[in-house]
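Worksheet for the structure shown next.
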Amino acid sequence: MGLDFTVVPDYFGALLMGAGWTVAITICAGLLSFFGGIVFAVIALYGHWALRLPVRAFAFLFMGTPLLLQLFLIYFGLIEVGIDLPAFAAGVIGLGLHFAVYNSELIQASIPAVDKGQYEGARTLGLSRGQTLRRIVIPQAVRAVIPPMGNNMIALLKDSALVSVIGVMELNLSAQQAISRTYRPFEFYLAAAFCYYIINLALEAGLRHLERRIAASR
Amino acid sequence: MTDQAFVTIKNAAKSFGKLQVLRDINLSVERGQIVAIIGPSGSGKSTLLRAINELDPLTSGEVWLEYVQINKTLPHRQHEAHVNQVRQNIGMVFQHFNLFPHLTVRGNITLAPRMLKGLSEADANKLAEEQLAKVGLTEKIDEHPSRLSGGQKQRVAIARALAMKPKVMLFDEATSALDHELVEEVNLVMKQLAEEHMTMIIVTHEMDFAASVCDRVLFMDQGVVVEEGPPAVIFQNPKEERTRNFLRKHLSR
């Protein structure tokens, strides 16, 4: 029995829908990981210890355990304490926070690398510490780590396949369902891989465009 | 306090651990006066300048701007608020410009007036255009600093400081990082400010500029003011041996 891709077009709509959900979850979790990363980094560097310690513990937990387990904890575990999240929300939170921790590490390293003259320039104009951090330091620190954060986004896109285990109908799960009906795993997994690849190309093009655009402002 | 000058420094001293970088410095600058501080590297001239706006706070002594003591002893939070307030009246220009690279020229100039003085976008834009016209860079308003030459960067930095309508301007070796041919355009802007009677305190290595623009010159060495007076006296007829030695090295170039 050779490969037979003629069955794939029948499930084209379902795969496209799955790809749509993959894109949606990547964008939502990506945004959460971006802004969460900034917040975690600021707390880690400047926060009161009562905030800093839990954030550090949380970061340790998220870096030291499998993402799959984290998704189970958020989706199935939290129900026991009365937090019943929809699968999509649980997926976004799990993926988003997981990568926020990695982004935070990058930003934590780049904030102190912002030139001291930038603080002095802002402070002599009368800006407070907080205003200087928000308007001068963080925008520059974030720009400096756009390329490695972009790599995290690509990893996030690929890891989004994991949310299929909590029942989000994304690309991977769409392919699995098609397989369970047609018994054609190779064809549909290849089709899914192709879709991931296309989305990845678009994401990379977007990131390159962003990098070019900020090149003048660094 | 009828004898209060515009900027007053009283018994200023500063030390880093055992190293004394400023010793018992007194200085009064009248409104509209232009004072140059000259001296060898490590003489404390930049430290003194940076003490005026609390970038490098004094160990002891007082700094006043009109009737406001800048380096008041206050609880931390109040001190922060006080310093942020007084700094709005003190413009500062740095050797390395310290423009914000992520903002355009317009953004650099309008940031502080908008955030701190609540200017509307339209008013802030008008202000930016006015200040840029003053330094002759209107056409660069939408450029990022990375696209400007050193001289242009420094002129934008001056425009940024002026946009806060400061009462006094501090220049910390504003032309030292510039290529020789770019120095003059910055000097011209500073001369123009002098003609408008802006109060200025200028730390500089350029003796010709100090001689032609300033009302008074301070010569500092090893943390003390060795000698001060009008430029004609300091440059042509200095009393102190240390001043003579310094000038011999710097004027012969």
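Here is how names work: the chains are called A, B, and so on, in the same order as the sequence lines, proteins then strands, and each is numbered from 1. The figures here come from the full heavy-atom set of this structure, side chains too, leaving out hydrogens, waters and symmetry mates.
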(message) Please identify, among B:Glu80, B:Gln95, B:Met164, B:Arg50, the residue contributing the most non-hydrogen atom pairs under 4.5 Å to chain A.
(response) B:Glu80

(request) Using a cut-off of under 4.5 Å on heavy-atom pairs, state which of B:Val83, B:Leu116, B:Asn53 scores highest against chain A. (result) B:Leu116

Distance, nearest 0.5 Å, that separates [atom1] of [X] from [atom2] of [Y]:
X: A:Ile214; Y: B:His102; atom1: CD1; atom2: NE2; result: 12.0 Å
X: B:Arg147; Y: A:Ser217; atom1: CZ; atom2: OG; result: 10.0 Å
X: A:Gln118; Y: B:Leu99; atom1: CD; atom2: CG; result: 8.0 Å
X: A:Asp115; Y: B:Asn98; atom1: CG; atom2: CG; result: 6.0 Å

(message) Using side chain to side chain contact (heavy atoms under 4.5 Å, CB included), reason through B:Gln88 and A:Leu125 one step at a time and then give a plain yes or no.
(response) CA-CA 6 Å; B:Gln88 294 188 28; A:Leu125 288 167; over 6 Å; no

(request) Find out whether A:Arg134 and B:Met115 are in side-chain contact, i.e. whether some heavy atom of one side chain is under 4.5 Å from a heavy atom of the other. (result) yes

(message) Do B:Ile90 and A:Thr124 make a side-chain contact, defined as non-hydrogen atoms from C-beta onward lying under 4.5 Å apart?
(response)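 With C-beta onward as the side chain, the pair stays apart.
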
Should the heavy atoms of other residues, nucleotides or ligands under 6.0 Å from [atom1] of [X] be counted, would the total exceed 12?
X: B:Glu139; atom1: CD; answer: yes
X: A:Met17; atom1: CE; answer: no
X: A:Tyr46; atom1: OH; answer: yes
X: B:Phe16; atom1: CZ; answer: yes
X: A:Phe76; atom1: CZ; answer: yes
X: B:Glu121; atom1: CD; answer: no
X: A:Phe194; atom1: CZ; answer: no

(request) Indicate whether any N or O donor in one side chain lies under 3.5 Å from an N or O acceptor in the other, for B:Asn84 and A:Arg123. (result)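 Short answer, yes.
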
(request) Sort B:Phe94 into side chain, backbone, both or neither according to what part of it lies under 4.5 angstrom from a heavy atom of chain A. (result) side chain

(message) If I measure from the heavy atoms of chain B, does A:Arg143 come under 4.5 Å with its side chain, its backbone, both, or neither?
(response)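 For A:Arg143, the contact with chain B is made by the side chain alone.
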
(request) List the atom of B:Pro101, the atom of A:Gln140, and the distance in Å for their closest heavy-atom pair. (result)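 Closest heavy-atom pair between B:Pro101 and A:Gln140: CD-NE2, 3.4 Å.
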
